[in-house]
Amino acid sequence: MKNTIADLISTAVKTLQDAGELPAELSPTIHVEHTKDKSHGDFACNIALMLAKPAKQNPRKLAELIVAHLPESDKVEKVDIAGPGFINFFQSAANLWSMLDEMLTRGKDYGRCTLGQGKKVLVEFVSANPTGPLHVGHGRGASFGSAVSNLLAAVGYDVSREYYVNDAGRQMDILATSVWLRYLEHHGATLTFPRNGYKGDYVKIIAANLASAHEAAFVQPIDSVMSDLPQDETEDGQGDKEAYIDALIARAKSLLGAEHYDTVHAFGLDDILQGIKDDLAEYRVVMDNWFSEKSLVSSGAIAHALEVLDKAGHTYEKEGAIWFRATAFGDDKDRVLVRDNGQTTYFASDVAYHLNKFERGFEWIVDVLGSDHHGYVPRVKAAISAMGKSPEQFTAMLVQFATLYRGSERLPMSTRSGEFVTLKDLYDEVGIDAARFFYVMRKNEQHMDFDLELAKKQSNDNPVYYIQYAHARVCSVLRQAEDKGMAFDQALGQRHLSLLTSSHESTLLTKLNQYSDRLRAAGNNAEPHMIAHYLLELATDFHSYYNAEAFLVEDEALRNARLLLISATRQILANGLELLAVSAPSEM
RNA sequence: GCCCCGAUAGCUCAGCUGGAUAGAGCGUCCCCCUCCUAAGGGGAAGGCCACAGGUUCGACUCCUGUUCGGGGCACCA
């Protein structure tokens with residue numbers, strides 16, 4: 001509807017320009033918005049105020065000129081000029097009513113649009129290192145990423161969802177070594193666990209599974225494992241935990257041999273990755289693809305990317321390493337691609353990964369990242385430009401951290417230390433609907449406090465139930481209508497929509513009518529929280545209406561008109577909730 | 001030191017890409033079930049939109065600076 005009005009105004013402005021009443025060189029962006037106050041109509045436009053100065057005209061007079069040249073439309077009842085020169089549009093009742101009809105006919109598809117023009121977009125999110133189960137810190141990225149994906153799909157993009165699996169590199173070696181040490185303990189060895197190892201209990205479980213699958217195949221005498229190692233970091237800060245864990249990794253590799261080491265490595269990875277997949281599936285996050293970092297090496301993608309950069313002349317050698325000249329593309333400093341020991345860096349993998357995304361035919365690349373990765377964005381953008389791709393086709397959406405509290409106590413969220421609340425623990429306790437809604441209610445760049453106690457204790461006060469309750473109430477009314485032999489007759493209701501004259505009814509109608517614009521805006525800005533807040537407003541209007549008027553009245557014309565209105569409300573609630581992957585129960 | 005994000009009611013947060021009188025939930029205080037689910041509704045109180053400048057017909061919104069929080073600045077991943 002906003003677009004319709006914008007078109008009307010645009011036509012009027014053009015007419016005025018052709019008539020020489022307005023300077024022809026003006027090309028104003030027409031901004032139509034929903035009004036806050038009903039006396040201002042349904043939509044308002046500030047175009048006259050915007051144009052007043054460049055056109056050198058009084059804004060009110062200009063508004064009058066524009067209004068006089070607006071084309072006729074059966075969607076608009078009345079146009080007013082108010083205040084300093086706002087043009088207020090009153091929507092025609094017939095138009096509102098036809099919307100209701102459309103909501104029921106199009107059903108689940110109502111509100112979807114073609115803004116994205118079928119453009120292929122890849123949304124990468126979560127992508128947590130597979131060194132431990134997902135914890136509540138990952139929940140926000142998971143909730144936000146999947147909601148954004150759904151939103152983009154709803155406004156017409158061809159969306160693929162992907163998880164980048166960091167299955168190569170040092171962190172995975174640390175995990176493999178941690179598993180192996182726990183495995184040795186399982187077989188009776190006594191040892192002091194490295195300070196920098198993964199200490200979570202899940203590692204012990206993996207080790208036990210490893211022991212039952214391979215029995216004692218990987219047992220080595222503990223003395224040979226622990227002899228001649230550098231000192232681990234102690235309580236008082238002596239020693240070096242990094243050097244120690246690296247030495248242990250090297251020891252594991254040499255004692256086990258490549259084949260056995262890989263078995264242990266893969267065992268830990270598979271176990272954790274499967275857990276992540278299960279948790280996400282249960283949390284209603286469906287990935288289209290799991291992209292392995294390791295595969296970038298085996299497929300030659302890294303070599304390919306390095307070659308592309310090199311051919312473009314954006315690499316150089318210094319101190320035995322190969323560098324990318326990121327500073328030429330706006331980054332703070334140049335970045336190492338290949339270390340002096342010949343190994344490629346994580347950054348090299350990521351350059352290759354992003355090039356690969358483009359080469360797979362995606363026209364828009366979206367990375368949903370934790371805010372701790374922000375410093376990383378400029379260098380990825382730089383690499384994309386350097387490889388001849390357009391940096392405009394890459395968007396990094398940063399999700400700020402959620403700080404976890406239990407009451408007033410701040411909780412640690414470290415995979416390494418093993419002290420964290422898993423995502424599964426969270427949704428098992430507060431419920432998937434509540435958890436998802438809670439995360440997505442806040443806009444992504446807002447820091448959020450997540451108080452576990454509050455979320456658990458007050459799960460009934462969670463706004464998600466308020467919305468779901470509205471949906472369930474409509475379902476219940478419709479069920480009872482049927483039981484009483486007053487089954488909803490849509491056609492009859494349609495013919496009597498003019499009976500919907502109460503203020504609650506017009507408020508609800510107006511709110512329903514806003515859905516498609518709000519969805520479009522939410523999709524355009526990739527801001528799912530706008531949907532969450534819209535649904536809260538809609539539920540509020542509905543509950544208020546519910547308490548003010550009876551639906552199952554004797555007058556069948558009025559009754560069916562009202563049932564039509566609340567059926568449309570139910571549909572919109574269901575559509576909005578589905579975008580957030582929150583269920584819409586028919587009874588509670 | 002540099003970079004990113006934030007600061008709005010007692011608390012947690014919205015404010016729709018500069019508009020008309022700044023909103024909601026929780027909490028506090030009143031009131032409403034012989035009636036479609038009270039997981040609901042109606043009302044009250046509660047604000048120097050961190051601070052200071054600037055741009056504008058108009059600023060919570062944009063710009064600059066300051067203060068205070070969160071995060072980041074590797075030949076780690």
TODO: Any chance you could lay out the side-chain contact (heavy atoms from CB on, under 4.5 Å) test for E556(A) and M486(A), step after step, and finish with the verdict?
DONE: CA-CA 8 Å; E556(A) 72 173 353; M486(A) 297 173 162; over 6 Å; no
Open item on the list: Y515(A) vs N575(A), test: side chain to side chain donor-acceptor pair (under 3.5 Å). Steps then yes/no.
Closed with: CA-CA 10 Å; Y515(A) 177 68; N575(A) 288 8; 4.9 Å; no
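Backbone-only engagement by N129(A) is indicated by non-hydrogen atom pairs under 4.0 Å involving sugar-phosphate atoms exclusively. As judged by a 4.0 angstrom heavy-atom cut-off over every strand, E242(A) is placed among residues making no nucleic acid contact. Counting non-hydrogen atoms under 4.0 angstrom, E549(A) reaches a base of the nucleic acid. Across all strands, H40(A) comes closer than 4.0 Å to base atoms (heavy-atom distances). Within the nucleic acid shown, E319(A) comes within 4.0 Å of at least one base atom, counting heavy atoms only. M448(A) comes within contact range of the sugar-phosphate backbone alone, with a heavy-atom separation under 4.0 Å but no base atom that close. Residue A470(A) is out of contact with every strand shown, counting any heavy-atom pair closer than 4.0 Å. Among the atoms of the strands shown, only primed sugar atoms or phosphate atoms (P, OP1, OP2) are found under 4.0 Å from some heavy atom of R170(A). Looking at heavy-atom distances under 4.0 Å, Y534(A) makes no contact with the nucleic acid at all. Within the 4.0 angstrom heavy-atom criterion, base atoms lie near A44(A). Among the protein residues, K484(A) comes within range of no part of the nucleic acid, since none of its heavy atoms lies under 4.0 Å from any strand.
Ion pairing between a basic and an acidic side chain is recognised when a charged N comes within 4.0 Å of a carboxylate O; K2(A) and E33(A) show no such pairing. Salt-bridge check for E537(A) with R518(A): passed, with a basic side-chain N closer than 4.0 Å to an acidic carboxylate O.
Within the structure, a side-chain polar atom (N or O) of K443(A) is placed less than 4.0 Å from OP1 or OP2 of G15(B). Side-chain N/O atoms of R473(A) include one lying less than 4.0 angstrom from OP1 or OP2 on A38(B). Considering only side-chain N and O atoms, Y466(A) lies under 4.0 angstrom from the phosphate OP1 or OP2 of G41(B). For K36(A) and U21(B), the shortest distance from a side-chain N or O to OP1 or OP2 is not below 4.0 Å. Taking 4.0 angstrom as the limit, H31(A) places none of its side-chain polar atoms (N or O) nearer than this to OP1 or OP2 of C16(B). Residue R335(A) has no polar side-chain atom (N or O) positioned under 4.0 Å from OP1 or OP2 of C76(B).
The side chain of R442(A) has A14(B) as its nearest neighbour among C75(B), A14(B), A20(B). Side chain of N547(A), nearest nucleotide from C73(B), G41(B), A77(B): G41(B). Here the nucleotide nearest the side chain of Y465(A), chosen from C16(B), A39(B), C75(B), is A39(B). Picking from A74(B), A20(B), C4(B) the nucleotide with the shortest atom distance to the side chain of K333(A) gives A74(B).
Across all strands shown, A74(B) remains unpaired; no Watson-Crick or G-U wobble contact has both distances below 3.5 Å. Across all strands shown, A59(B) forms no Watson-Crick or G-U wobble pair with both key distances under 3.5 Å. Base pairing of G6(B): its partner is C68(B), meeting the Watson-Crick or G-U wobble criterion (both donor-acceptor distances under 3.5 Å). Pairing for G18(B) is absent, judged as Watson-Crick or G-U wobble with the two contacts each under 3.5 Å.
Straight-line distance between the C1' atoms of C48(B) and G1(B): roughly 34 Å, to the nearest whole Å. Atom name C1', nucleotides U21(B) and U64(B): the rounded distance is 31 Å, in whole Å. Here, C60(B) and U55(B) have their P atoms 16 Å apart, quoted to the whole Å. With both ends at atom C1', the span from G42(B) to C33(B) equals 14 Å, rounded to whole Å. Atom name C1', nucleotides U66(B) and C30(B): the rounded distance is 45 Å, in whole Å. Here the separation of C29(B) from G71(B), taken at their P atoms, is 37 Å to the nearest Å. A39(B) and C35(B) are spaced 14 Å apart, taking the P atom of each and rounding to whole Å. Nucleotides G46(B) and G23(B) are separated by 14 Å at their P atoms, to the nearest Å.
On a pure distance criterion of 3.5 Å, a polar donor-acceptor pair joins the side chain of N88(A) and the base of A20(B). Not a single donor-acceptor pair, N or O on each side, falls under 3.5 Å between the base of C5(B) and the side chain of Q446(A). Residue side chain H374(A) does not reach the base of G72(B) through any donor-acceptor N/O pair under 3.5 Å, judged by distance alone. For a distance-only test at 3.5 Å, the side chain of H447(A) fails to qualify as a donor-acceptor partner of the base of G71(B).
In this structure, F86(A) forms an aromatic stack with the base of A20(B), since both conditions hold: centre separation below 5.5 Å and plane angle below 30°. Residue-nucleotide stacking is not present for H533(A) and A24(B), judged by a side-chain ring centre under 5.5 Å from the six-membered base ring centre and planes under 30° apart.
Under the 90° criterion around 0 for the glycosidic angle, C33(B) counts as syn.
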Considering only distance and modelled atom types, tabulate donor-acceptor pairs under 3.5 Å from the side chains of residues 167-177 of chain A, sequence neighbours left out.
{"unit_1": "D167(A)", "atom_1": "OD1", "unit_2": "E293(A)", "atom_2": "N", "d": "3.2"}
{"unit_1": "D167(A)", "atom_1": "OD1", "unit_2": "K294(A)", "atom_2": "N", "d": "2.7"}
{"unit_1": "D167(A)", "atom_1": "OD2", "unit_2": "S292(A)", "atom_2": "OG", "d": "2.6"}
{"unit_1": "R170(A)", "atom_1": "NE", "unit_2": "D246(A)", "atom_2": "OD1", "d": "2.9"}
{"unit_1": "R170(A)", "atom_1": "NH2", "unit_2": "E242(A)", "atom_2": "OE1", "d": "2.4"}
{"unit_1": "Q171(A)", "atom_1": "OE1", "unit_2": "Y198(A)", "atom_2": "OH", "d": "2.8"}
{"unit_1": "Q171(A)", "atom_1": "OE1", "unit_2": "R416(A)", "atom_2": "NH2", "d": "2.8"}
{"unit_1": "D173(A)", "atom_1": "OD1", "unit_2": "Y261(A)", "atom_2": "OH", "d": "2.7"}
{"unit_1": "T177(A)", "atom_1": "OG1", "unit_2": "D173(A)", "atom_2": "O", "d": "2.9"}

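When rounded to the nearest whole Å, the span between CZ of F438(A) and P of C26(B) equals 14 Å.
In this structure, a donor-acceptor pair under 3.5 Å is absent between the side chains of D367(A) and Y164(A).
Place M441(A) and L536(A) on RNA chain B by their nearest nucleotides, and M441(A) ends up nearer the 5' end. Each of E445(A) and S544(A) was assigned the nucleotide of RNA chain B with the nearest heavy atom; the assignment lying further toward the 5' end belongs to E445(A).
A side-chain contact (heavy atoms from CB on, under 4.5 Å) with K443(A) is found for exactly one of H529(A), Q400(A), M448(A), namely H529(A).
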Mind listing the N/O atom pairs, protein and nucleotides 56-59 of chain B, below 3.5 Å?
{"unit_1": "C57(B)", "atom_1": "OP1", "unit_2": "K53(A)", "atom_2": "NZ", "d": "3.1"}

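Under a cutoff of 6.0 Å and an axis angle of 45°, R473(A) and Y546(A) form a cation-pi pair.
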